[in-house]
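Residue numbers count from 1 along this sequence. Quantities reported herein were computed from a predicted structural model and do not represent experimental measurements.
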Amino acid sequence: MKTSIKPKEATEIINSLLGGTVPRTGVQHIAVGRDEEIAAMVEAMEDVKNGHNHMKFWIGDFGSGKSFMFHLLKTIALKQKFVVASADFTPDNRLYSNDGKGGALFSALMDNISIQTRPDGGALQTLLEKWIDQMIVRTAQQHSIPLTEIRSAQYLPLIQDTIFQTINTITETGGFEFGTVVMKYYEGYINEDESLRRNALKWLKGEYKTKTEARQDLGVREIINDLNFYDMLKNFTKLFVSIGYAGFMINLDEAINLYKISTSTMREKNYEKLLTIYNDCYQGKVGHMFINVAGTREFLENERRGLYSYHALKTRLETNKYAVDGIKDFAQPVIRLLPINHNEIFVLLKNLKHIFDQHYKVDMPVNEEDIAAFMEDIYNKPGAEEFLMPREVIREFLHILSVLRQNSHITLAQLVGEVQIKDERPGSMELLDSIQEL
């Protein structure tokens with residue numbers, strides 16, 4: 001049965017997939033073959049809602065669907081009233097650094113904070129103002145001040161006290177500076193000082209590079225940096241929960257960039273940070289956090305450069321010896337993603353044809369037999385078994401639909417014959433293994 005889809009979602013899906021990327025919205029309409037993983041993650045989210053923590057490592061080859069799963073997890077988490085932040089590891093974004101790359105990762109996460117009403121990111125300001133409104137209401141109730149009067153400047157000291165008292169109960173490291181900056185944001189709000197509000201938001205997003213600049217603008221002596229950004233993520237988690245959200249989901253993709261760090265000492269420091277976060281999650285040192293990390297098999301299993309090169313992580317992340325030969329265990333920290341099978345791709349292409357029709361307001365003359373013929377042809381081409389990924393099958397199918405829509409004299413059979421299989425995988429990781437360890 002065909003399901004309805006919003007025009008904006010249809011456009012996002014078609015345009016993104018044609019470009020070879022995962023759509024930011026509407027992924028639930030093209031989710032096939034991941035029912036078990038989704039069910040397990042919904043169950044894990046319930047644990048997090050109850051104050052527990054989870055950390056999952058999503059491992060799969062290029063094209064296996066790791067980024068897609070992260071978008072799907074985000075969609076589900078937002079509906080479950082989680083705050084979600086996403087970022088990619090890059091050569092300039094890391095967990096551990098002494099030259100600003102850790103702080104850069106934090107800033108990327110803060111830029112991409114999403115809630116259900118702001119699913120495309122940029123929700124930090126909305127959350128901050130929502131929390132401040134709660135502090136204002138609480139102050140008014142405690143001191144029997146009408147809500148119509150509480151925002152006036154004369155009551156600023158009372159609101160300051162409420163903010164600092166609450167911050168002290170929900171923060172650990174950096175609580176004083178955190179409370180001071182939030183207070184500065186409120187001062188800018190009631191005094192219509194947009195510059196002060198902007199500077200406060202800049203501090204909370206970790207965008208100050210020097211303590212001197214922060215002291216001049218906000219009167220605080222500390223900034224969010226490489227050394228303390230993880231503590232600030234924990235502070236934000238408690239803040240979001242105090243507002244009424246279920247928890248904080250943090251999705252970190254492209255972990256292969258940690259594997260690629262050429263200096264062994266720096267790479268181990270990043271793995272050590274991963275271990276710290278892992279231990280915090282599973283020893284109950286934090287609450288309401290759900291952290292996902294996505295990487296390739298090399299990132300996990302390589303004994304020289306991967307997580308398995310760090311013994312403490314290897315012992316924690318080795319696969320359950322009973323979960324073999326198709327037996328699955330989604331309770332373990334490592335979840336291995338396999339590409340969806342041919343039957344699932346067939347269902348996906350049918351769904352995409354429906355979405356394509358809705359997007360362009362057409363009814364393309366492509367039926368199930370045509371889709372089956374397309375799949376039979378493309379999967380029988382030389383190199384398909386080794387190189388063909390679902391991403392390329394999807395893109396070729398949409399390209400064909402696009403040409404058929406604009407050229408009625410062309411047939412699907414004519415176009416399928418033109419498809420060529422290319423190796424779109426990134427460069428071999430074996431080259432990296434030859435890099436001299438420093």
Can you run down the ring-ring contact (aromatic ring centres under 6.0 Å, His included) pairs that involve residues 87-130, sequence neighbours left out, and say none if there aren't any? none
Should the pair Lys269-Asp226 be classified as a salt bridge under the 4.0 Å nitrogen-to-oxygen rule? no
Salt bridge (charged side-chain N to carboxylate O under 4.0 Å, His left out) between Arg405 and Asp357, worked out: CA-CA 10 Å; Arg405 182 182 70 86; Asp357 286 350; over 6 Å; no
salt_bridge(Glu303, Lys314) N-O dist < 4.0 Å: yes
Other residues, nucleotides, ligands: >12 heavy atoms within 6.0 Å of Glu192 CD: no
Any residue meeting salt bridge (charged side-chain N to carboxylate O under 4.0 Å, His left out) with Asp111, in chain and number order, not counting sequence neighbours: Lys205
Considering residues at least two apart in sequence or located in another chain, which fulfil the side-chain contact (heavy atoms from CB on, under 4.5 Å) criterion with Lys49? Glu46, Gln80, Phe82, Ala246
Would you say OH of Tyr189 has more than 12 non-hydrogen atoms from neighbouring residues, nucleotides or ligands within 6.0 angstrom? no
Any heavy-atom pair between the side chains of Val32 and Asn351 that's under 4.5 Å? yes
Restricting to pairs with a member in residues 9-19, which pass side-chain hydrogen bond (donor to acceptor under 3.5 Å, both in side chains), not counting sequence neighbours? Glu9-His29, Thr11-His359, Glu12-Ser16
Is the closest side-chain heavy-atom distance between Thr296 and Ile59 below 4.5 Å? no
Does Asn228 use its side chain to pair, donor to acceptor, with the backbone of Asp231 at less than 3.5 Å? no
Going by the rule side-chain hydrogen bond (donor to acceptor under 3.5 Å, both in side chains), which residues pair with Asn279 if we only count those two or more places apart in sequence or in a different chain? Arg316
Please work out whether the ring planes of Tyr278 and Phe57 are parallel, tilted or perpendicular, with thresholds of 30° and 60°. tilted
Are Phe240 and Phe236 close enough that their ring centres sit under 6.0 Å apart? yes
What pairs with Glu149 under salt bridge (charged side-chain N to carboxylate O under 4.0 Å, His left out), at least two apart in sequence or on another chain? none
Pair Lys202-Glu213, salt bridge (charged side-chain N to carboxylate O under 4.0 Å, His left out): steps then yes or no: CA-CA 11 Å; Lys202 177 181 176 181; Glu213 186 184 7; 3.1 Å; yes
Which of parallel (below 30°), tilted (30 to 60°) and perpendicular (above 60°) describes Phe70 and Trp58? perpendicular
